[in-house]
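Everything below concerns the one structure shown next.
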Amino acid sequence: MSLRSVAHVLSLALLYAVLVGSFHPVDLALGAALALGVMHLFPMAGLPPVLSSREHWRRVLHLPRFGWALAVLVVRSCFHVLTVIFGRAELANKAGVVEVPMGERTARGVQVSSWVMSLAPGTVLLELDWERRVMRMHALDASDPDKLLRQQDNFYQRYQRAVFP
């Protein structure tokens, strides 16, 4: 186990202890065991890519922009969902499934895109098809699939790619 993995296990165990409100050795051991399980089940989640310091700082500088864009996306999506729920009746019948191409995204980029997709109200990730390299998402308003694809690609190209390529 590398020093980085040990640091991740310790940090996840401490996070568990904070969440349960106890630093008893049994709780810390349970947190460490859960951390090991999570790192084995989701190997990419516990091991971020090794980056040069220049690339690391470049991504850190773009992170606030990504966070702001994500917040705006969530707020916009909330209003859109409210429009669908309380608006005209025909808007409520436009739900559907759209396949979003993964494009040039790395595995971590696909994870983040999936998370963003599911965090925004009105859309949720259904499935990742790695062979066809598409993300299947359900949209509350899928009346214009091309528009949804443009929105997903625009968010990735403008805000996510600089931080999570």
Side-chain angles (χ1 to χ4, degrees), residues 1-75 77-78 81 95-140 148-149 151-153 155-165:
M1 183 178 275
S2 70
L3 188 58
R4 175 181 269 195
S5 296
V6 172
H8 285 136
V9 169
L10 289 176
S11 62
L12 288 172
L14 286 175
L15 177 64
Y16 177 79
V18 168
L19 289 175
V20 297
S22 169
F23 288 92
H24 190 274
V26 173
D27 291 327
L28 290 173
L30 180 60
L34 289 172
L36 283 171
V38 166
M39 290 176 63
H40 280 292
L41 286 175
F42 308 103
M44 290 185 295
L47 298 173
V50 178
L51 303 172
S52 68
S53 63
R54 182 179 176 155
E55 177 66 15
H56 174 78
W57 284 110
R58 188 188 67 76
R59 290 185 183 191
V60 168
L61 289 175
H62 285 89
L63 191 58
R65 185 171 182 233
F66 172 75
W68 176 253
L70 182 61
V72 170
L73 175 71
V74 169
V75 170
S77 298
C78 286
V81 168
V97 176
V98 177
E99 290 188 343
V100 178
M102 292 179 188
E104 63 189 29
R105 291 175 177 89
T106 62
R108 184 169 299 272
V110 170
Q111 284 178 328
V112 172
S113 290
S114 304
W115 176 71
V116 167
M117 208 178 277
S118 296
L119 189 63
T123 58
V124 67
L125 178 74
L126 296 176
E127 178 183 25
L128 296 174
D129 187 344
W130 289 99
E131 291 180 12
R132 295 180 45 225
R133 292 201 48 87
V134 293
M135 299 177 280
R136 294 185 67 221
M137 74 173 192
H138 180 270
L140 191 59
L148 284 172
L149 292 176
Q151 287 174 342
Q152 293 294 323
D153 191 53
F155 186 87
Y156 172 73
Q157 295 293 339
R158 291 185 68 190
Y159 307 112
Q160 181 189 328
R161 186 176 177 203
V163 184
F164 303 104

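Just so it is clear, the values below take in all heavy atoms, side chains as well, and ignore hydrogens, waters and symmetry mates.
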message = Contact between Leu140 and Thr123 at the side-chain level, heavy atoms closer than 4.5 Å - yes or no?
response = no
Distance (rounded to the nearest 0.5 Å) between Phe66 CZ and Leu73 CG = 9.5 Å
request  = Drop me the distance from Leu70's CG to Phe155's CZ, to the nearest 0.5 angstrom.
outcome  = 5.0 Å
ask   = Looking at residues at least two apart in the chain, or sitting in another chain, which of them share a side-chain hydrogen bond (donor to acceptor under 3.5 Å, both in side chains) with Gln152?
value = none
message = Ser113: which residues meet the side-chain hydrogen bond (donor to acceptor under 3.5 Å, both in side chains) condition with it, sequence neighbours left out?
response = Arg105, Gln160
ask   = Hey, does Ser114 have a side-chain heavy atom less than 4.5 Å from the side chain of Met135?
value = yes
task = Working to the nearest 0.5 Å, report the span between CG of Leu125 and NE2 of His138.
result = 12.5 Å
ask   = Between Leu128 and Val110, is any pair of side-chain heavy atoms under 4.5 Å apart?
value = yes
ask   = Can you list the residues that meet the salt bridge (charged side-chain N to carboxylate O under 4.0 Å, His left out) rule with Glu127, with sequence neighbours excluded?
value = Arg136
query = For Val26, which residues count as a side-chain contact (heavy atoms from CB on, under 4.5 Å) partner, sequence neighbours excluded?
reply = His24
request  = First locate atom CG of Asp129, then atom CD of Glu99, and finally report the distance between them rounded to the nearest 0.5 Å.
outcome  = 7.5 Å
query = Taking atom CG of Leu3 as the centre, does the number of heavy atoms from other residues, nucleotides or ligands within less than 6.0 Å exceed 12?
reply = no
ask   = Roughly how far, to the nearest 0.5 Å, is CZ of Arg161 from CZ of Arg59?
value = 11.0 Å
query = Considering residues at least two apart in sequence or located in another chain, which fulfil the salt bridge (charged side-chain N to carboxylate O under 4.0 Å, His left out) criterion with Asp153?
reply = none
inquiry  = If the condition is side-chain contact (heavy atoms from CB on, under 4.5 Å), which residues does Leu28 pass it with, not counting sequence neighbours?
reply    = Leu14, Ala17, Phe23
query = How would you list, by chain and number, every residue that makes a side-chain hydrogen bond (donor to acceptor under 3.5 Å, both in side chains) with Asp27, sequence neighbours excluded?
reply = Ser22
note = Residue set satisfying side-chain contact (heavy atoms from CB on, under 4.5 Å) with Leu10, at least two apart, ordered chain then number -> Val6
request  = Using the test ring pair (Phe, Tyr, Trp, His ring centres under 6.0 Å), find all partners of Tyr156 that sit at least two apart in sequence or belong to another chain.
outcome  = none
Any residue meeting side-chain hydrogen bond (donor to acceptor under 3.5 Å, both in side chains) with Arg65, in chain and number order, not counting sequence neighbours = none
task = Report the residues that fulfil side-chain contact (heavy atoms from CB on, under 4.5 Å) with Ala29, sequence neighbours left out, ordered by chain and then residue number.
result = none
inquiry  = Keeping Ser77 on the side-chain end and Gly122 on the backbone end, is there a donor-acceptor pair under 3.5 Å?
reply    = no
query = Who pairs with Tyr16 by ring pair (Phe, Tyr, Trp, His ring centres under 6.0 Å), at least two apart in sequence or on another chain?
reply = none
task = Find the distance between NE2 (His8) and CG (Leu36) and round it off to the nearest 0.5 Å.
result = 12.5 Å
